[in-house]
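A short worksheet on the structure shown next.
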Amino acid sequence: MNRGTIAEIDLEAIAHNFRTAKKITRNKTVIAVVKADAYGHGACEVAARILKERVLCFAVAYTSEAVALREAGIKTPIIVLFDKYNIGDYFKYNLIPVIHDIKTARKFSKEAAKRKKPISVHLKIDTGMGRIGFTVPDMLKDIFAISGMDYMVVRGLMSHFSEADLSDRSYALIQLRIFNNVRKLLLDRGIRPSICHIANSAAIMTLPESYLDAVRPGLMLYGCSPLQKSAISYQPSAKDSRLKTPDSKLFPAMTVKAKILSLRRLKKGTSVSYGRTFITVRDSIVAVLSVGYADGYSRAFSNNADVLIRGKRAPVAGRVCMDTTMVDVTEIEGVSEGDDAVILGRQKSEYITATELSERTGTISYEILTSLGGKAKRIYTTH
Ligand SMILES: *Cc1c(COP(=O)(O)O)cnc(C)c1O
């Protein structure tokens with residue numbers, strides 16, 4: 001269903017960011033995280049493009065996401081990070097489960113035995129994220145038991161950082177130390193998973209000692225740095241029309257546009273939108289845009305964000321509605337109905353980043369990308 005927004009996805013930017021992850025990690029194996037429809041960029045299209053860069057493996061959250069990739073003809077190994085149901089799909093579509101409890105391991109072993117088809121798994125240990133994974137006191141006992149199960153091949157060992165995006169790396173280093181200790185204890189028992197991985201985008205940028213056998217970038221592939229705020233401030237580059245981080249490492253890949261549906265001249269003192277939270281302080285021109293919170297443009301942007309029209313910033317005026325948003329365009333010369341309004345991305349020399357939008361509403365760029373990209377009609381550009 002097409003609503004009022006279009007997301008232009010720059011697949012070459014994603015390919016560039018993938019190569020950047022390779023460069024930063026000195027050519028480590030990359031498990032490209034394409035969950036949540038590639039953070040709103042479209043998993044099948046993104047995966048197909050990254051494949052040309054010779055990616056080893058993709059990661060998704062749920063089996064349905066992996067099945068969609070298989071149905072799009074993608075044959076690369078796929079790790080499913082969270083789904084412990086739909087066990088049949090793992091065999092049917094040749095997917096790699098992440099196992100984080102012994103009960104599920106038993107189910108997989110049983111199903112594999114029934115089919116006489118060994119299953120390769122990655123085991124997830126909780127080193128301090130407090131979400132999912134084996135923990136003490138049963139961790140080692142469980143892992144020993146699993147590696148002895150019929151038709152079970154423990155191919156990988158993984159964990160996840162809760163806090164690698166800070167300048168203070170101490171908690172991440174504790175998690176890494178725990179992970180390495182577990183690896184050693186397993187090795188003592190002859191269990192040697194061939195691929196150990198823990199590094200997300202933040203760790204790729206801050207923690208080289210965490211690269212191990214493979215890295216698992218998500219956000220950075222889409223051109224955002226998880227090191228928000230002052231750590232990275234985006235600068236446009238004179239040479240390239242795309243956005244770049246100052247160190248030229250990442251290109252944001254998503255531009256989201258709406259259109260001006262109506263232009264209205266309002267007298268000084270006129271209220272705009274629900275709740276009358278915006279009242280014109282002068283005779284004004286207000287544009288009604290084809291984007292609302294149903295398009296993933298958060299209601300928290302009410303009186304609290306800008307859009308770009310004719311290369312200039314126009315502030316949101318009043319509350320964001322379900323399907324529409326009003327912006328003050330009094331100062332924008334030549335503004336016309338039908339003009340593009342860039343919600344996210346660059347227009348001429350101005351730019352609005354996911355980080356900027358996230359900071360305005362106290363969220364993270366991940367949520368901005370998945371919200372806006374997930375709802376827009378996506379079109380793909382390759383240079
Ligand atoms: C989402 C996710 C990643 C990717 O994280 P980014 O911060 O986007 O790089 C890696 N590993 C796991 C387990 C995840 O859930």
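Counting convention: from 1, in listed order, for ligands and their atoms alike.
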Atom 7 (O) of ligand 1: the protein heavy-atom neighbour that sits closest, reported with distance to 0.1 Å: Y366 OH, 2.7 Å
Carboxylate-amine/guanidinium contact K375 D295, below 4.0 Å: no
Any N or O of M220 closer than 3.5 Å to N or O of ligand 1: no
Taking atom 8 (O) of ligand 1 as the reference point, the nearest protein heavy atom with its distance: Y39 OH, 2.5 Å
Cationic N near anionic O, under 4.0 Å, E53 to R19: yes
Smallest separation among heavy atoms of L69 and V60, with atom names: CD1-CG1, 4.0 Å
Top protein contact for atom 11 (N) of ligand 1, by heavy-atom distance: R216 NE, 2.8 Å
Salt bridge flag under 4.0 Å for residues D101 and K124: no
Proximal atoms of ligand 1 relative to L219 (non-hydrogen, under 4.0 Å): 6 (P), 8 (O), 9 (O)
Polar side chain donor-acceptor pair, R183 to N180, under 3.5 angstrom: yes
Mutual orientation of the aromatic rings belonging to Y90 and F108 [parallel < 30°, tilted 30-60°, perpendicular > 60°]: perpendicular
Selected option - heavy-atom contact closest to atom 2 (C) of ligand 1, from M158, K124, K35: K35
Residue part near ligand 1, for Y222, under 4.0 Å between non-hydrogen atoms: neither
Distance-minimising heavy-atom pair for A112 and I119: CB-CG2, 4.0 Å
Which residue and heavy atom of the protein sit nearest atom 9 (O) of ligand 1, plus the separation: S201 OG, 2.5 Å
For F82, the ligand 1 atoms whose distance to one of its heavy atoms is below 4.0 Å: 15 (O)
Min heavy-atom dist R131 to ligand 1 below 4.0 Å: yes
